[in-house]
Amino acid sequence: NLQKAQEYEKTFKAMIEGWRHEFKDPEMPFLFVQLASFERNPYMHGITYPVLRDAQTAALELDNTGMAVAIDLGMIHDIHPPQKIEVSERLFLAAKKIAYNKDIEFSGPLYKSHEIKGNKFNVSFAHSAKGLKAKSIELNGTQLSADKVQGFELAGQNQVFHPAEAKIKGDKVEVTCAQIKKPIALRYAYKGFPYANLYNSVDLPCSPFRTDSFEIKFNPNDAKVYARNLFLSPKLRKIKMTLDQKRQLVIIHDKHLNPEMEKKRQLLWKTRINAMKKYGSSSQEMIKAIANYDNFLNPLIKAIDSEVVNQDIFKDQI
């Protein structure tokens with residue numbers, strides 16, 4: 001939850017120092033992996049994960065620490081992504097530098113400072129490794145181009161962030177946004193699963209960061225709305241929806257699949273499970289149970305789908 005995420009900086013630093021104390025080695029190298037991208041619940045992970053990554057990055061303030069950034073190696077619905085080799089290679093670079101003092105670049109870009117000039121937000125980075133670049137990568141089926149830096153957002157006095165345009169200038173990035181004439185804050189890859197592609201010249205990704213200290217708020221009820229598992233048509237399941245759209249969808253869904261209908265659905269599902277256990281997955285009893293369940297649920301899904309289209313909740317998304 002958000003509170004524990006906000007407390008994690010102190011907890012994590014204390015753990016590192018505690019281990020060094022117990023091993024009687026105050027200079028003991030300590031290497032760790034920043035949370036990979038993940039967003040099974042867009043609201044919950046979209047808020048808590050960036051805060052946790054901030055807490056991890058803050059541990060680099062301690063001597064002899066190194067962090068492998070894995071923001072480009074996660075999977076949107078799998079908290080245990082399979083790209084372990086890439087993570088180990090990044091940790092190996094950090095080990096060579098932190099533990100063995102090799103003269104190499106071992107980290108992706110880290111936010112260092114910024115300067116605001118008019119509508120332009122100029123950001124400087126450590127570990128730029130002879131320059132920065134946008135990298136062509138695929139994230140959750142979306143292709144990011146090497147011709148465009150993605151992942152930056154700007155906000156003005158109202159503290160509302162908007163996607164921004166970014167231009168690389170050596171070891172700096174110039175960020176602007178048509179909707180923000182007087183920017184006061186910038187964020188990069190500040191999502192649970194961000195679509196971001198800033199790297200240094202040795203192909204190490206930039207760590208997510210924010211320049212603001214705005215209060216971050218978390219509403220458990222909104223998290224529950226996002227977590228709702230709804231019975232929808234394939235075309236609706238594919239849509240990446242906003243919180244407001246999900247709220248509207250939940251109202252329509254629960255009108256058709258009301259408590260009484262949900263009890264019937266659960267009973268038919270239980271009958272289906274029992275038929276499989278008792279008679280087998282290819283039995284006539286199982287085939288009949290599947291047909292009864294589908295004949296009950298499919299008309300409801302069609303009715304939900306029809307009302308969603310009529311209310312134009314997703315407009316051009318369908």
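Residues forming a side chain to side chain donor-acceptor pair (under 3.5 Å) with R53 (at least two apart in sequence, or on another chain): none. Residues that satisfy the salt bridge (charged side-chain N to carboxylate O under 4.0 Å, His left out) test with R40, not counting sequence neighbours, are absent from this structure. By the salt bridge (charged side-chain N to carboxylate O under 4.0 Å, His left out) test, K10 is found to be paired with no residue, residues two or more places apart in sequence or in another chain being considered.
Put simply, CG on L144 and CG on D72 are 10.5 Å apart, with the number rounded to the nearest 0.5 Å. For the atom pair F121 CZ and K182 NZ, the distance stands at 15.5 Å (nearest 0.5 Å). Within the model, atoms OH of Y199 and NZ of K135 stand 5.0 Å from one another, a figure rounded to the nearest 0.5 Å. Rounded to the nearest 0.5 angstrom, M286 CE and K278 NZ are separated by 14.5 Å. To the nearest 0.5 Å, atoms CD (Q34) and CG (L52) are separated by 10.0 Å.
No continuous path of hydrophobic side-chain contacts links F38 to F193 [ILVMFWY only; heavy atoms under 4.5 Å]. Using a 4.5 Å cut-off between side-chain heavy atoms of Ile, Leu, Val, Met, Phe, Trp and Tyr, with links allowed through other members, I251 and L230 fall into different hydrophobic clusters. Note on Y8 and L62: same hydrophobic cluster, where clusters join Ile, Leu, Val, Met, Phe, Trp and Tyr whose side-chain heavy atoms are under 4.5 Å apart, directly or indirectly. Side-chain heavy atoms closer than 4.5 Å link hydrophobic residues (I, L, V, M, F, W, Y) into clusters, and following such links, possibly through other members, connects I137 to I76. Linking Ile, Leu, Val, Met, Phe, Trp and Tyr residues whenever their side-chain heavy atoms come within less than 4.5 Å leaves Y43 and Y49 in two separate clusters.
Between the side chain of Q56 and the backbone N or O of V33, at least one donor-acceptor pair lies under 3.5 Å. A donor-acceptor pair is defined here as one N or O able to donate and one able to accept, closer than 3.5 Å; no such pair exists between the side chain of H256 and the backbone of I301. Using modelled atom types, one side-chain atom of N197 and one backbone atom of Q150 make a donor-acceptor pair closer than 3.5 Å. Under the 3.5 Å distance criterion, the side-chain polar atoms of Q245 are matched with a main-chain donor or acceptor of I313. Side-chain atoms of S281 do not come within 3.5 Å of backbone N or O of M276 as any donor-acceptor pair. Side chain of E105 to backbone of S107: a donor-acceptor contact under 3.5 angstrom is found. Looking at N200, its side chain does come within 3.5 Å of a backbone N or O of H127 through a donor-acceptor pair. Counting only distance, with no hydrogens or angles, the side chain of H45 and the backbone of N41 share a donor-acceptor pair below 3.5 Å. Judged by distance alone, the side chain of K246 and the main-chain N or O of Y226 form a donor-acceptor pair under 3.5 Å. In terms of modelled atom types and a separation under 3.5 Å, the side chain of S306 and the main chain of A303 share no donor-acceptor contact.
Counting heavy atoms of neighbouring residues, nucleotides and ligands inside a 6.0 Å radius, atom CD of Q143 exceeds 12 of them. In E7, the CD atom is crowded: over 12 heavy atoms of neighbouring residues, nucleotides or ligands sit closer than 6.0 Å. Atom NZ of K84 has more than 12 neighbouring heavy atoms from other residues, nucleotides or ligands inside a 6.0 Å radius. Heavy atoms of other residues, nucleotides or ligands lying less than 6.0 angstrom from CD of E138 number more than 12. At most 12 heavy atoms of other shown residues, nucleotides or ligands fall within 6.0 angstrom of atom NE2 in H21. Around CE of M28, the count of heavy atoms belonging to other residues, nucleotides or ligands within 6.0 Å exceeds 12.
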Stepwise, does the side-chain contact (heavy atoms from CB on, under 4.5 Å) test hold for L73 with R90?
CA-CA 12 Å; L73 301 176; R90 292 173 185 178; 3.6 Å; yes
Please assess V175 against Y188 for the test side-chain contact (heavy atoms from CB on, under 4.5 Å), listing each intermediate value before the final yes or no.
CA-CA 11 Å; V175 186; Y188 172 76; over 6 Å; no
Would E260 and K263 count as a salt bridge (Lys or Arg N to Asp or Glu O under 4.0 Å) if you check the C-alpha gap in whole Å, the side-chain angles of each, and the deciding distance to 0.1 Å?
CA-CA 5 Å; E260 182 181 352; K263 284 182 181 179; over 6 Å; no
What's the verdict on side-chain contact (heavy atoms from CB on, under 4.5 Å) for R187 and D212, showing C-alpha distance, side-chain angles and the deciding distance?
CA-CA 8 Å; R187 292 180 179 179; D212 64 274; 2.9 Å; yes
Before you tell me yes or no, could you show the steps for K96 and L93 under side-chain contact (heavy atoms from CB on, under 4.5 Å), namely the whole-Å CA-CA distance, both residues' side-chain angles and the distance that decides it to 0.1 Å?
CA-CA 5 Å; K96 286 199 287 187; L93 288 175; 4.2 Å; yes
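Under 3.5 Å, the side chains of R210 and Y190 contain a donor-acceptor pair of N or O atoms.
Between F209 and F152, the ring-plane angle classifies as perpendicular under the 30° and 60° cut-offs. Between F30 and F32, the angle of the ring planes lies from 30° to 60°, which puts this pair in the tilted group. The aromatic rings of F214 and F161 are tilted relative to each other, their planes meeting at an angle between 30° and 60°.
When all heavy atoms of V69 and C206 are compared, the closest pair comes out as CG1-O, 4.1 Å. Between A5 and T48 the shortest heavy-atom distance is CB-O, 4.0 Å. What you find for A134 and S145 is that their closest heavy atoms are CB-O, 4.2 Å. Residues M241 and L236 come closest through the heavy atom pair CE-O, 4.0 Å. Taking all atoms of both residues into account, the shortest heavy-atom contact from D171 to S128 is CB-OG, 3.2 Å. Contact detail for P109 and F125: the closest heavy-atom pair is CB-CD2, 4.0 Å.
Between L249 and L232 there is a side-chain heavy-atom pair separated by less than 4.5 Å. In this structure, L300 and R265 have side chains that are not in contact, with every pair of non-hydrogen atoms separated by 4.5 Å or more. Put simply, the side chain of Y195 reaches to within 4.5 Å of the side chain of N140, judged on heavy atoms. Using a 4.5 Å cut-off on side-chain heavy atoms (C-beta onward), R272 and N292 make no contact. Within the 4.5 Å cutoff, side-chain heavy atoms of K133 are placed close to those of D203. Taking 4.5 Å as the limit, every side-chain heavy atom of E9 sits out of range of all side-chain heavy atoms of D54.
Using a 4.0 Å cut-off between a side-chain N of Lys or Arg and a carboxylate O of Asp or Glu, K13 and E61 qualify as a salt bridge. Look at D63 and R20 and you find no salt bridge, because none of the NZ, NE, NH1 or NH2 atoms lies under 4.0 Å from a carboxylate O. A salt bridge is absent between E285 and K288: the closest approach of a Lys/Arg side-chain nitrogen to an acidic carboxylate oxygen does not fall below 4.0 angstrom. Between K191 and E153 there is a salt bridge, with a side-chain nitrogen of the basic residue lying less than 4.0 Å from a carboxylate oxygen of the acidic one.
When each of K270, E262, K264 is paired with Q266, the side chain to side chain donor-acceptor pair (under 3.5 Å) condition holds for E262 and for no other. Residue N122 is tested with H114, K117, K169 for a side chain to side chain contact (heavy atoms under 4.5 Å, CB included); the sole match is K117. Across I304, N310, D305, a single residue satisfies side chain to side chain contact (heavy atoms under 4.5 Å, CB included) together with I252, and that is I304.
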